[in-house]
Amino acid sequence: MLIGRLHEQEQLMQAYESKEAEFVAVYGRRRVGKTFLVKETFRHRFTFHHSGLNNAGRKEQLAAWRQSLEYAGHHCDHTPKDWMEAFKELRDLIIASKDKKKVIFIDEMPWMDTQGSSFVTWLEWFWNGWASGRPDVLLIVCGSAASWIINKVFRNRGGLHNRVTYRIPVEPFTLGECEQMAEALGMKYTQYDVLETYMVLGGIPYYWTLLNKRKSVAGNIDALLFARNGNLHYEFNELFRSLFRQPENYIKVVTALASKQSGLTRNEIIATAGLQNNGTTSRMLEELEQCGFITFSYPFGGGTSKVIYHLIDNFTLFYFRFLKSAHSTDENFWSNNVQSPRRRAWAGLAFEHVCFQHVPQIKQALGIGGISTSISSWKCEPNEAYEQGAQIDMIIERADNVINICEMKFASDEFAIDKATDMNLRNKLGQFRYVTKTRKALHLTLITTYGLKRNGYHGTAQSEVTMNNLFAMIP
C-alpha cells in the first residue's frame, strides 16, 4: 500500500504522459521508499527494469544486466563485455518493444559506476545519441547514494549537463503519514505513541515496517535498536556506507554536529571534525543537507553571513545519544529507563527537532499558512540589562509585522506554566526585544504535546500548537 507521495506520483505520471523523451532522477536516503514509489506508481510494469549490485565489480554488474534483459524478453547471445555493448542491447530491446511508452527503470545506478567502467560515458551516449530523440522513452534512474546522483548526474559538466527533466527527491514521511502507516500495519498506536516512535526512527518507511504490533513502543525500540540481533542495531554504519562512497568524513561532520545542540558554523565544523577548509567540505555539507541529515538556519537579524548547521535526522540523533554509548549493552535499555533524566532530556530535544520538521503544520495551526515567513534562531549572552543570557530555538518572522517566539515543551500530559517558567519566558521576550530592537509585535507560541494546563500563568502565551496539529496533512 502506497501512503502519501501524491506530488511525487503526479510528477512521474506527467513524465509518462509527456509527448517528449523524459529523463527522471528519483533520489533520497536509504530506506525512504524510492523503489517502492516507482514500482507502485507504474504497477511493476516496465519495458526494462534493472537494479545495480552492491559491492560488485564490472563483470558482475554486466552479468546482472544481461539477466535483466533476458527477463524483459530480449535474448542475449553473451554477456556484454562493456557498457557500450550493454546499452546497445538495451537500445535493441526498446526498438523491438511494442509498449506505447517504453518505461526504463534503472535502480541503484550508483552501484553500477564501478572504477574504470566508463559507465557514465556510455549512459551519456545512450541518452544523448539515441534515447532523447524518441518521444516514447521514459528513463527513470534511482539510487540511495544521493551524492552520486547529485555529482554525476545533476552537476555533470559533460553530456548529461542539464539533461534531467524531472528531479524527484523522496523525503521522509511526516507524522501524519506515519500515523497512516501505523494504522495500515495494524499498530494500535495513539498519537503520543506515534510521536515517540517518530522521535527515534524518524519518517523512514522501512523502519516502520519492522515494528511488531504485539510489542509496546519501548519493546519495539529495544528489539530493533538495542538487541544485538536487532534489525537496526548496526544501521548507522550501513546507512552512511550506502549513501557515500567515502563515508568517513561525512560521519565526522555529523559526529561534530551531534556534540553541539545549538549547532555549528562551517568553520566550527571544520575545526571540530578536523577537516580541510575547501570545496570538498562545502560539497559534503550540501549533500548531507539534501539527504536530510542536516539543516541550516540563520541567526535572527544576522543576515546570511553566519549559517548555523544542525543535525536534524532523528535516527542519527538517537544513535549518538544512546546507541554509540556503553548503555547500548543493555538489550532492554529503553524499557528500563522510561523515567530516567537522560531519556527525558533527549525527549525534549527530539521533540524540538520534530517541530522543525513540521513547520508547515505549525504555520497552518497558527492560521498563517499563506503568509510569507522566515525561520531562524537566536541566542544572546548576559548584558548590561539582563544578568542571564537567553536562547530561542525557533523564531517565525512573518510578513505581516509579527514574530512568533516559539517554545517547545514535550510532556506526557498538559504542560503547566509555573512561576519560574513564566519568568523565564518573559525574560526571553524582554531580552529579545532589548537586544534586537525590533518594533514588530511579539507573540509567544507554546508548542506542546497535549496543550497548556489552565492556571494563573497560561495566558502568558498568545497562541498554542499541540501534538495533534503536527499530525495535519498538508497538501
Side-chain angles (χ1 to χ4, degrees), residues 256-269 272 282 285-286 288-289 294-312 317 348-410 417 421-448 460-465 469-470:
L257 289 171
S259 68
K260 193 65 176 295
Q261 176 180 338
S262 58
L264 297 170
T265 64
R266 182 180 180 277
N267 287 338
E268 288 171 338
I269 291 172
T272 306
S282 297
L285 291 172
E286 182 181 350
L288 285 167
E289 191 268 331
I294 68 175
T295 187
F296 62 88
S297 63
Y298 302 104
F300 180 85
T304 60
S305 59
K306 189 179 180 182
V307 178
I308 306 295
Y309 292 92
H310 306 267
L311 181 60
I312 196 73
L317 284 160
L349 176 61
F351 182 63
E352 289 181 12
H353 284 96
V354 172
C355 292
F356 273 100
Q357 292 159 348
H358 291 78
V359 170
Q361 286 80 2
I362 293 171
K363 288 180 60 177
Q364 178 173 286
L366 294 172
I368 59 172
I371 297 176
S372 177
T373 61
S374 62
I375 309 299
S376 61
S377 56
W378 179 80
K379 183 179 180 179
C380 77
E381 303 298 330
N383 51 63
E384 66 276 7
Y386 293 88
E387 295 182 359
Q388 293 184 334
Q391 180 173 322
I392 301 171
D393 293 316
M394 181 186 288
I395 297 171
I396 304 177
E397 186 174 15
R398 298 156 41 175
D400 59 354
N401 217 38
V402 175
I403 297 174
N404 287 88
I405 304 296
C406 299
E407 188 79 6
M408 288 80 93
K409 299 292 183 182
F410 181 80
I417 301 178
T421 304
D422 177 70
M423 290 180 62
N424 178 261
L425 293 173
R426 293 180 184 276
N427 175 69
K428 286 187 178 185
L429 266 66
Q431 285 204 55
F432 181 80
R433 188 176 293 281
Y434 175 79
V435 174
T436 65
K437 310 299 183 187
T438 183
R439 295 183 179 180
K440 294 187 175 183
L442 302 183
H443 285 190
L444 178 62
T445 300
L446 266 291
I447 307 174
T448 65
T460 300
Q462 276 78 33
S463 53
E464 299 176 42
V465 176
N469 297 131
L470 298 181

Query raised in the report: Would you say the side chain of Tyr298 lies within less than 4.5 Å of the side chain of Lys306, judging by non-hydrogen atoms?
Result: no

Query raised in the report: Is the number of heavy atoms from other residues, nucleotides or ligands under 6.0 Å of Gln391 CD greater than 12?
Result: yes

Requested in this report: Search all heavy atoms of Cys406 against all heavy atoms of Ile447 and return the closest pair with its distance.
Outcome: CB-CD1, 4.1 Å

Query raised in the report: Just how far is it from atom CG of Leu257 to atom CG of Leu317, taken to the nearest 0.5 Å?
Result: 9.5 Å

Hey, can you pull the donor-acceptor pairs under 3.5 Å for the side chains in residues 367-381, sequence neighbours left out?
unit_1, atom_1, unit_2, atom_2, d
Thr373, OG1, Lys363, NZ, 3.0

Requested in this report: Please identify each residue that fulfils ring pair (Phe, Tyr, Trp, His ring centres under 6.0 Å) with Phe410, with sequence neighbours left out.
Outcome: Tyr192, Phe351

Query - Partner residues of Glu407 under the side-chain contact (heavy atoms from CB on, under 4.5 Å) criterion, sequence neighbours left out - result: Lys409, Leu425, Lys428, Leu446

Query raised in the report: Going from OG1 on Thr265 to CD1 on Ile308, what distance comes out if it is rounded to the nearest 0.5 angstrom?
Result: 6.0 Å

Report task. Can you sort out the partners of Lys260 under salt bridge (Lys or Arg N to Asp or Glu O under 4.0 Å), two or more places apart, ordered by chain and number? Result -> none

Report task. Kindly compute the distance separating CD (Gln388) from CD (Gln431), expressed to the nearest 0.5 Å. Result -> 8.0 Å

Report task. Specify the closest pair of heavy atoms between Asn427 and Gly389, including all atoms of both residues, with the distance to one decimal. Result -> ND2-O, 4.2 Å

Query raised in the report: Does any pair with a residue in residues 394-406 pass side chain to side chain donor-acceptor pair (under 3.5 Å), and if so which ones, sequence neighbours excluded?
Result: Glu397-Lys440, Arg398-Asp400, Arg398-Asn404, Asn404-Thr445

Report task. Apply salt bridge (Lys or Arg N to Asp or Glu O under 4.0 Å) to Arg426 and list each qualifying residue two or more places apart in sequence or on a separate chain. Result -> Asp422

Query raised in the report: Do you know the tightest heavy-atom contact between Cys355 and Ile362?
Result: O-CD1, 3.5 Å

Query raised in the report: What pairs with Phe356 under ring pair (Phe, Tyr, Trp, His ring centres under 6.0 Å), at least two apart in sequence or on another chain?
Result: none

**Report entry** Stepwise side-chain contact (heavy atoms from CB on, under 4.5 Å) test for His310 and Ser262
**Finding:** CA-CA 7 Å; His310 306 267; Ser262 58; 5.7 Å; no

**Report entry** Contact summary for Leu366 and Ser463, nearest pair of heavy atoms
**Finding:** CD2-OG, 3.5 Å

Query raised in the report: Who pairs with Thr438 by side chain to side chain donor-acceptor pair (under 3.5 Å), at least two apart in sequence or on another chain?
Result: none

Report summary line: The salt bridge (Lys or Arg N to Asp or Glu O under 4.0 Å) partners of Glu268 (sequence neighbours excluded) come to none

Query - Beyond-backbone contact of Leu264 with Tyr309, side-chain heavy atoms, under 4.5 angstrom - result: no

Query raised in the report: Excluding sequence neighbours, so at least two apart, what forms side chain to side chain donor-acceptor pair (under 3.5 Å) with Glu286?
Result: Arg155, Gln290

Report task. Please report the shortest heavy-atom distance between Val359 and Met394, naming the atom on each side. Result -> CG2-CE, 4.2 Å

Query raised in the report: Is there a donor-acceptor contact under 3.5 Å from the side chain of Ser259 to the main chain of Ala256?
Result: yes

Query raised in the report: Measuring from Ile405:CD1 to Ile403:CD1, what's the distance to the nearest 0.5 Å?
Result: 6.0 Å

Query raised in the report: Which residues satisfy the ring pair (Phe, Tyr, Trp, His ring centres under 6.0 Å) test with Tyr434, sequence neighbours excluded?
Result: none

**Report entry** Spacing of OG1 belonging to Thr295 relative to CG belonging to Leu288, to within rounding of 0.5 Å
**Finding:** 12.0 Å

Query raised in the report: Can you pull the side chain to side chain donor-acceptor pair (under 3.5 Å) pairs that have at least one residue in residues 353-362, sequence neighbours excluded?
Result: Asn314-Gln357

